[in-house]
Amino acid sequence: MPTSDESAINQQEPAGSMRAIVCHGPRDYRYETIPVPHPGPGELLIRVEAVGICASDLKCYDGAAKFWGDDSRPAWAETDVVPGHEITGVVTRLDEAAAQKWGVGAGDRVVIEQIRPCWDCRYCDNGDYHMCQVHDIYGFKRATPGGMAEYMVVTQGSLVHRIDKNIPAAHAAFAEPLSCGLHAVERGQLRFSDVVVVAGCGPIGLGVIAGAAAKSPAQIVALDFDQRKLDLAARTGATVTVNLAKEDPYAAVAALTDGYGADVYFEATGHPSAVPQGLRLLRKLGRFVEYSVFKDDVSVDWSIISDDKELDVVGAHLGPDCWPAAIRLIEQGRLPMDDICTHQLPLEQFQRGLNLVASGGESIKVSLLP
Ligand SMILES: [Zn+2]
Ligand SMILES: [Zn+2]
């Protein structure tokens with residue numbers, strides 16, 4: 001063992017190499033053997049227990065311009081990076097500095113916030129670390145290789161939280177998408193009297209519903225085309241579910257609001273049609289919260305936002321300051337996690353996992369267990 005490790009609080013020494021998924025570019029992700037990464041001073045080595053596959057992982061895999069650039073923007077994602085940002089694992093090696101910094105010890109199970117802030121830009125200085133100008137997110141940048149591997153290093157500046165070891169690993173990794181849903185709820189500034197509409201009951205939409213339910217507004221109306229997802233939404237806290245394949249959302253919301261319309265609308269589908277739908281479902285002076293990442297541009301009549309309804313339209317990104325609440329909701333069993341975490345696959349079935357996320361019909365949250 002190198003002398004620099006003498007102060008390390010070791011649990012067990014991993015072998016020299018490990019299995020990992022490595023991104024070599026769009027549609028070129030390979031299952032490989034690579035060296036186990038070595039934690040530097042003040043860093044953690046974790047043995048990854050579960051890593052969720054996100055819709056953003058799929059979009060990156062597919063070569064979306066948001067990740068790989070186009071005429072109007074440079075590439076943000078990098079090649080030769082282990083993907084995966086919805087990570088939970090067990091602390092396997094750390095030094096005293098890392099133990100002090102994060103309050104963790106060898107053997108603890110942790111979740112790691114997806115962004116590793118620079119702590120030196122205008123946004124980080126103002127506490128808006130989720131909008132960090134540098135924007136190193138685990139699993140997309142060489143500075144921050146992700147969790148689709150047996151081991152990964154948690155680098156300095158990361159945000160680390162302990163989570164209960166007795167829940168299934170895939171449930172623990174759901175803290176990432178749930179924190180995102182909770183941040184959307186905070187952007188929605190819910191009031192007890194609100195009638196809230198949530199479009200889309202995938203992982204983010206369910207997180208929004210769980211967070212909204214914790215705030216107890218008057219009604220939470222869930223919209224989706226998939227009855228199975230709507231049933232999950234009801235078990236997560238939706239008070240009304242509307243199956244868009246056979247029911248009229250406008251009539252449903254009008255009936256709940258004396259014809260005025262919803263107070264707050266959360267868009268969590270990523271489908272362009274959900275945007276004009278929200279503008280129409282909202283009452284005057286209502287609030288539109290956008291969480292999705294879209295593959296295609298969306299066109300709407302912006303005079304609805306101004307002249308017709310004077311709406312507040314806000315975006316939401318990541319889950320800043322919402323991780324403790326997300327962990328609490330999962331640990332308290334406030335979500336039907338067994339049914340949300342539909343698929344747990346070994347690392348080598350990464351491609352099948354992506355396909356499940358792409359088709360969407362069978363799965364809610366697909367996780368890899370390295
Ligand atoms: Zn994610
Ligand atoms: Zn920063």
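Only heavy atoms go into these numbers, but all of them, side chains included; no hydrogens, no water, no symmetry mates. Whatever order the structure lists them in is the order used to number ligands and atoms, beginning at 1.
At a cut-off of 2.8 Å, measuring from the Zn ion (ligand 2), the protein N, O or S atoms that fall short of it are Cys118 SG, Cys121 SG, Cys124 SG, Cys132 SG, waters left aside. Protein N/O/S atoms closer than 2.8 Å to the Zn ion (ligand 1): Cys54 SG, His85 NE2, Glu86 OE2, Glu176 OE1.
Contacts of Arg328 classified as side-chain hydrogen bond (donor to acceptor under 3.5 Å, both in side chains), with partners at least two apart in sequence or in another chain: none. Annotation: side-chain hydrogen bond (donor to acceptor under 3.5 Å, both in side chains) contacts of Asp224 (sequence neighbours excluded): none.
Put simply, the side chain of Gln156 gets close to the backbone of Pro41: a donor and an acceptor are under 3.5 Å apart. Judged purely by atom type and a 3.5 angstrom limit, Lys165 uses its side chain to pair as donor or acceptor with the backbone of Gly107.
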Let's go through His343 and Gln349 carefully: what are the C-alpha distance in whole Å and the side-chain angles of both, what is the deciding distance for side-chain hydrogen bond (donor to acceptor under 3.5 Å, both in side chains) to 0.1 Å, and is it a yes or a no? CA-CA 11 Å; His343 295 77; Gln349 289 185 27; over 6 Å; no

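Both tests do not hold together for Arg116 against Tyr138: distance to the six-membered ring centre under 6.0 Å, angle to the ring axis within 45°.
Taking a cutoff of 4.0 Å between a charged side-chain nitrogen and a carboxylate oxygen, Asp164 and Arg109 do not qualify as a salt bridge.
For the residue pair Tyr265 and Gln277, a side-chain donor N or O sits within less than 3.5 Å of a side-chain acceptor on the partner.
When every heavy atom of Ile112 is checked against every heavy atom of Trp323, the shortest pair comes out as O-CH2, 3.5 Å.
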